[in-house]
Peer 1: 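What follows is a structure written as structure tokens; I'll ask about it next.
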Amino acid sequence: MYIGEAAKRTGLSIKAIRFYEEIGLIRQLERVGRYRLYKEADIEVLLLIKEAKALGVGLSQLQGVIQYNEGQIDWSTIKVFLHGIRQQLTQQIEDVQQKIASLDICYEQIKPS
DNA sequence: ATTCTCACA
DNA sequence: TGTGAGGA
């Protein structure tokens with residue numbers, strides 16, 4: 001399939017998809033003449049990138065996560081990466097809870113009025 | 001109508 | 001982290 005269909009299937013813009021290839025986030029696609037040719041595996045990777053973005057993961061953090069062994073996607077690397085994101089999110093919860101605690105102390109100090 | 005590259009913010 | 005312009 002060409003990039004237009006890939007964009008429709010993933011909900012990503014055509015520009016974004018080309019950009020991801022340019023920065024090495026996805027493989028260099030083979031061309032039919034001048035046109036990039038996408039296959040199912042590429043759609044899966046693009047959907048992963050979309051998911052990651054929704055989780056607040058920057059593209060730079062995704063660098064190196066998507067590996068192709070023998071032309072297949074290495075999902076085990078991705079699994080490890082996602083677990084790391086999970087831990088990161090857990091840490092964020094703790095950070096926010098600490099901020100709330102600090103805020104509560106501020107309230108205590110204002111209480112006299 | 002679709003995709004391409006290049007320039008740019 | 002992408003978009004707009006302009007051409008094939």
Side-chain angles (χ1 to χ4, degrees):
Chain A
M1 79 191 79
Y2 293 129
I3 197 169
E5 190 180 345
K8 274 184 183 153
R9 296 263 311 267
T10 61
L12 293 165
S13 72
I14 289 174
K15 303 278 196 172
I17 292 172
R18 279 200 210 96
F19 180 64
Y20 298 155
E21 178 187 2
E22 189 177 332
I23 65 176
L25 217 49
I26 61 179
R27 69 192 179 87
Q28 294 284 332
L29 295 112
E30 66 272 24
R31 311 294 185 100
V32 169
R34 200 165 196 242
Y35 296 167
R36 294 165 177 84
L37 193 60
Y38 297 80
K39 30 189 191 190
E40 290 304 314
D42 300 313
I43 300 302
E44 294 184 30
V45 171
L46 289 169
L47 288 172
L48 171 72
I49 294 169
K50 191 186 178 188
E51 288 274 331
K53 281 200 321 177
L55 289 169
V57 177
L59 297 184
S60 58
Q61 291 181 68
L62 277 164
Q63 290 283 0
V65 172
I66 298 157
Q67 306 286 339
Y68 301 86
N69 296 344
E70 320 287 331
Q72 302 297 315
I73 303 162
D74 180 2
W75 289 103
S76 66
T77 302
I78 291 164
K79 217 168 167 182
V80 169
F81 170 75
L82 290 176
H83 186 257
I85 296 299
R86 202 206 115 90
Q87 289 186 319
Q88 199 174 303
L89 291 171
T90 302
Q91 181 62 49
Q92 281 175 30
I93 290 172
E94 290 177 22
D95 291 347
V96 170
Q97 283 174 337
Q98 179 55 54
K99 287 179 180 174
I100 291 172
S102 297
L103 181 60
D104 287 344
I105 291 172
C106 288
Y107 273 117
E108 297 294 334
Q109 292 172 333
I110 293 169
K111 189 171 53 180
S113 68

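Note on naming: letters A, B, ... go to the chains in the order of the sequence lines (proteins, then strands), and numbering restarts at 1 for each one.
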Peer 1: Please list, chain by chain and in numerical order, all residues satisfying salt bridge (charged side-chain N to carboxylate O under 4.0 Å, His left out) with A/R18, sequence neighbours excluded.
Peer 2: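 With sequence neighbours excluded, A/R18 shows a salt bridge (charged side-chain N to carboxylate O under 4.0 Å, His left out) to no residue whatsoever.
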Peer 1: Just to verify, which of A/I49, A/L29, A/L25, A/L46 counts as forming a side chain to side chain contact (heavy atoms under 4.5 Å, CB included) with A/I17?
Peer 2: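 That would be A/L46; it is the only one of A/I49, A/L29, A/L25, A/L46 passing the side chain to side chain contact (heavy atoms under 4.5 Å, CB included) with A/I17.
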Peer 1: Do A/I23 and A/L47 share a hydrophobic cluster, counting only Ile, Leu, Val, Met, Phe, Trp and Tyr and linking them when any side-chain heavy atoms are less than 4.5 Å apart?
Peer 2: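 Hydrophobic grouping puts A/I23 with A/L47.
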Peer 1: Quick one: CD1 on A/I105 to CD1 on A/I100, what's the gap to the nearest 0.5 Å?
Peer 2: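 Between atom CD1 of A/I105 and atom CD1 of A/I100 there are 12.5 Å.
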Peer 1: The criterion is salt bridge (charged side-chain N to carboxylate O under 4.0 Å, His left out); which residues satisfy it with A/E40, sequence neighbours excluded?
Peer 2: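 With sequence neighbours excluded, A/E40 shows a salt bridge (charged side-chain N to carboxylate O under 4.0 Å, His left out) to A/R9, given in chain and number order.
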Peer 1: Pick the nucleotide of DNA chain C nearest each of A/E22 and A/Y35; which residue has the one closer to the 5' end?
Peer 2: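 Taking each residue's closest nucleotide, the earlier one in sequence belongs to A/E22.
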Peer 1: Report, as yes or no, whether the 6.0 Å neighbourhood of atom CD on A/E51 holds more than 12 heavy atoms from other residues, nucleotides or ligands.
Peer 2: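 Atom CD in A/E51 is not packed in, count stays at 12 or less.
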Peer 1: Measure CG/A/L12 against P/C/dT3 and give the value in whole Å, please.
Peer 2: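 Spelled out: CG on A/L12 to P on C/dT3 is 10 Å.
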Peer 1: Could you spell out the base pairing of DNA chain C in dot-bracket, with Watson-Crick or G-U pairs whose two distances are under 3.5 Å, [ ] crossing and | to another strand?
Peer 2: ||||||.|
Peer 1: Send over the distance from A/Y20 OH to C/dT1 C1', rounded to a whole Å.
Peer 2: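 Whole-Å distance recorded here is 8 Å.
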Peer 1: If I take atom CD1 in residue A/I17 and atom C1' in nucleotide C/dT3, what distance separates them, rounded to the nearest angstrom?
Peer 2: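 Computing the A/I17:CD1 to C/dT3:C1' distance gives 15 Å.
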Peer 1: Can you tell me the distance, in whole Å, between the CD1 atom of A/I23 and the P atom of C/dT3?
Peer 2: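 Nearest whole value for this atom pair: 13 Å.
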Peer 1: By the rule that ILVMFWY residues connect when side-chain heavy atoms come within less than 4.5 angstrom, directly or transitively, which residues belong alongside A/Y2?
Peer 2: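 ILVMFWY cluster around A/Y2 also holds A/V32, A/Y35, A/L37.
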Peer 1: Looking for any heavy atom pair under 4.0 Å, which part of the strands does A/I14 touch: base, sugar-phosphate only, or nothing?
Peer 2: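 Contact class for A/I14: sugar-phosphate only.
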Peer 1: By the salt bridge (charged side-chain N to carboxylate O under 4.0 Å, His left out) test, which pairs, at least two apart or in different chains, include something from residues 20-38 of chain A?
Peer 2: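 Salt bridge (charged side-chain N to carboxylate O under 4.0 Å, His left out) check on residues 20-38 of chain A returns A/E21-A/R36, A/R27-A/E30, A/R27-A/D42.
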Peer 1: For A/E30 and B/dT3, give me the distance from atom CD to atom P, rounded to whole Å.
Peer 2: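 About 16 Å, once rounded to whole Å.
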Peer 1: Polar atom pairs between nucleotides 5-7 of chain B and protein, under 3.5 Å, N or O only, would you list them?
Peer 2:
from	atom 1	to	atom 2	distance (Å)
B/dT5	OP1	A/R31	NH1	3.4
B/dT5	OP2	A/R36	NH1	3.2
B/dT5	OP2	A/R36	NH2	3.0

Peer 1: What is the separation between atom CG on A/L59 and atom C1' on C/dT3, rounded to the nearest whole Å?
Peer 2: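 Interatomic distance, CG of A/L59 to C1' of C/dT3: 15 Å.
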Peer 1: Ignoring backbone atoms, establish whether A/S13 has a side-chain N or O less than 4.0 Å from OP1 or OP2 of C/dT3.
Peer 2: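 Yes.
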Peer 1: Respond yes when some side-chain nitrogen or oxygen of A/K8 is under 4.0 Å from OP1 or OP2 of B/dT2, and no when none is.
Peer 2: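 Result: no.
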Peer 1: Is A/L12 close to A/Y20 at the side-chain level, that is, under 4.5 Å between some pair of heavy atoms?
Peer 2: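 Sidechains of A/L12 and A/Y20: in contact.
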